[in-house]
Amino acid sequence: MKTAIIQYPGLNREADMIMALENVSGASVKTVWHTETELPQTDLVVIPGGFSYGDYLRCGAIAARSPVMAAIKAHAEKGGKVLGVCNGFQILIEAGLLPGALMRNAKLKFVCKRVTLSIENDSSFFTSKMNRGDKVRCPVAHHDGNYFAEAETLKKLEDNNQVIFRYADGTNPNGSLHDIAGISNAKGNIIGMMPHPENMIEPLHGRTDCLPLFESIAA
Amino acid sequence: MKAMIKVTLKTGVLDPQGKAIMGSLGSLGFSGIDSVRQGKYFEVELAGNNKAAAMTQMQDMCEKLLANTVIEDYEIELA
């Protein structure tokens, strides 16, 4: 399986993501700078977390308009897989590849802690090795992860099984509507999530709950 | 020509920052506040003086970048 990650100025979680991807794919991850207009041959494009452009204007707003985005959109239109984590999720939403908006956390604080996620859809490319209803612990670290969408959009997400992850057991850290932690597009080949599964896959992380997510990619 | 753009949250979208500011104003002793909504303000200096063209261009800028129209409304004023 071939993977590529997109690098924007201000992202800082790419090293952990590269390690997580290389662990399961057994191949090196191509890094693509945001000014590129073409992607290398790849099955999966990952936009990792961080603070692209210092979160200026709105989180992910500037990165979503950088030259590489046209290539990411073309990749997705051909059915290629795209995963955005944290700032990567914000960027995908700002680019219009996923619906809704990510607003300032309801309690206005940056949250850095572990939450519990329930797997809501076990047929996605990132959850196929898990079962619906499974729960995993996973870290979050963000200031703007409060998922918002109009009632009509929320209904569509629910009806089409596009909610992939939900905060469970009262651990919603940001006020997200419907406890939404991660969603996909209607086709299912684009997934965005606020939590950081790449930081819960090795004994050194304390737990390895999120390893099956990355194994799903390789399946 | 100068364009002045106000970007505000749509009615119905919760504004926790506005709410926190309202609380803070209350603790400073200001009374009679029904609500506070926080927004953004941009000034864009434009070349030329064709107002109609400037308005079209500013609307395009708002739709494509300055506002997130999922949650925000915008108002453009030219001077």
Side-chain angles (χ1 to χ4, degrees), chain A residues 52-53 55-67 69-70 73 87 89-111 142-157 172-180 183 185 192, chain B residues 2-30 33-47 53-78:
Chain A
S52 58
Y53 295 92
D55 285 346
Y56 291 175
L57 189 60
R58 297 178 305 272
C59 298
I62 314 273
R65 279 96 183 155
S66 55
M69 192 47 74
K73 283 182 176 165
N87 196 207
F89 185 19
Q90 294 164 336
I91 292 168
L92 290 176
I93 280 200
E94 277 285 345
L97 288 173
L98 290 172
L102 288 158
M103 303 185 58
R104 182 54 48 98
N105 293 345
K107 288 184 181 159
L108 302 176
K109 290 206 168 79
F110 188 97
V111 285
H142 61 252
H143 208 161
D144 297 75
N146 183 354
Y147 186 80
F148 173 88
E150 287 167 11
E152 195 185 321
T153 306
L154 282 171
K155 187 174 181 312
K156 261 190 212 158
L157 288 174
N172 183 342
N174 50 35
S176 285
L177 293 178
H178 292 207
D179 293 323
I180 285 172
I183 57 171
N185 62 338
Chain B
K2 187 156 95 177
M4 291 155 286
I5 302 105
K6 265 196 291 187
V7 174
T8 50
L9 284 174
K10 285 185 172 169
T11 314
V13 175
L14 284 177
D15 180 11
Q17 295 181 99
K19 226 171 152 190
I21 292 164
M22 182 172 154
S24 186
L25 288 171
S27 66
L28 284 171
F30 292 101
I33 304 166
D34 285 336
S35 102
V36 177
R37 306 278 285 170
Q38 180 178 309
K40 291 184 186 123
Y41 173 73
F42 303 86
E43 287 184 348
V44 180
E45 296 282 352
L46 296 163
M55 187 53 95
T56 309
Q57 194 187 23
M58 289 316 304
Q59 273 164 352
D60 205 22
M61 285 185 201
C62 285
E63 291 287 335
K64 285 184 176 157
L65 181 63
L66 299 183
N68 176 353
T69 53
V70 176
I71 49 169
E72 293 169 328
D73 289 325
Y74 58 86
E75 262 178 58
I76 302 163
E77 201 188 318
L78 294 172

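Here is how names work: the chains are called A, B, and so on, in the same order as the sequence lines, proteins then strands, and each is numbered from 1.
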Check your understanding: Is there a donor-acceptor pair under 3.5 Å between the side chain of A:K107 and the backbone N or O of B:P16?
Key -> no
Please check if the number of heavy atoms outside [X] that lie under 6.0 Å from its [atom1] is greater than 12.
X      : atom1 : value
B:L14  : CG    : no
B:Y41  : OH    : yes
A:Y56  : OH    : no
A:K155 : NZ    : no

Review point. Do any of residues 64-76 of chain B come closer than 4.5 Å to chain A, heavy atom to heavy atom, and if so which ones, in number order?
Key: B:K64, B:L65, B:L66, B:A67, B:N68, B:V70, B:I71, B:E72
Check your understanding: What distance do A:L108 atom CG and B:K19 atom NZ have between them, rounded to the nearest 0.5 Å?
Key -> 10.0 Å
Point to revise | Within-4.5 Å side-chain heavy-atom neighbours: A:M103 and B:D15 | key: no
Review point. Which residue pairs satisfy the salt bridge (Lys or Arg N to Asp or Glu O under 4.0 Å) criterion with at least one member in residues 144-154 of chain A, sequence neighbours excluded?
Key: A:R104-A:D144
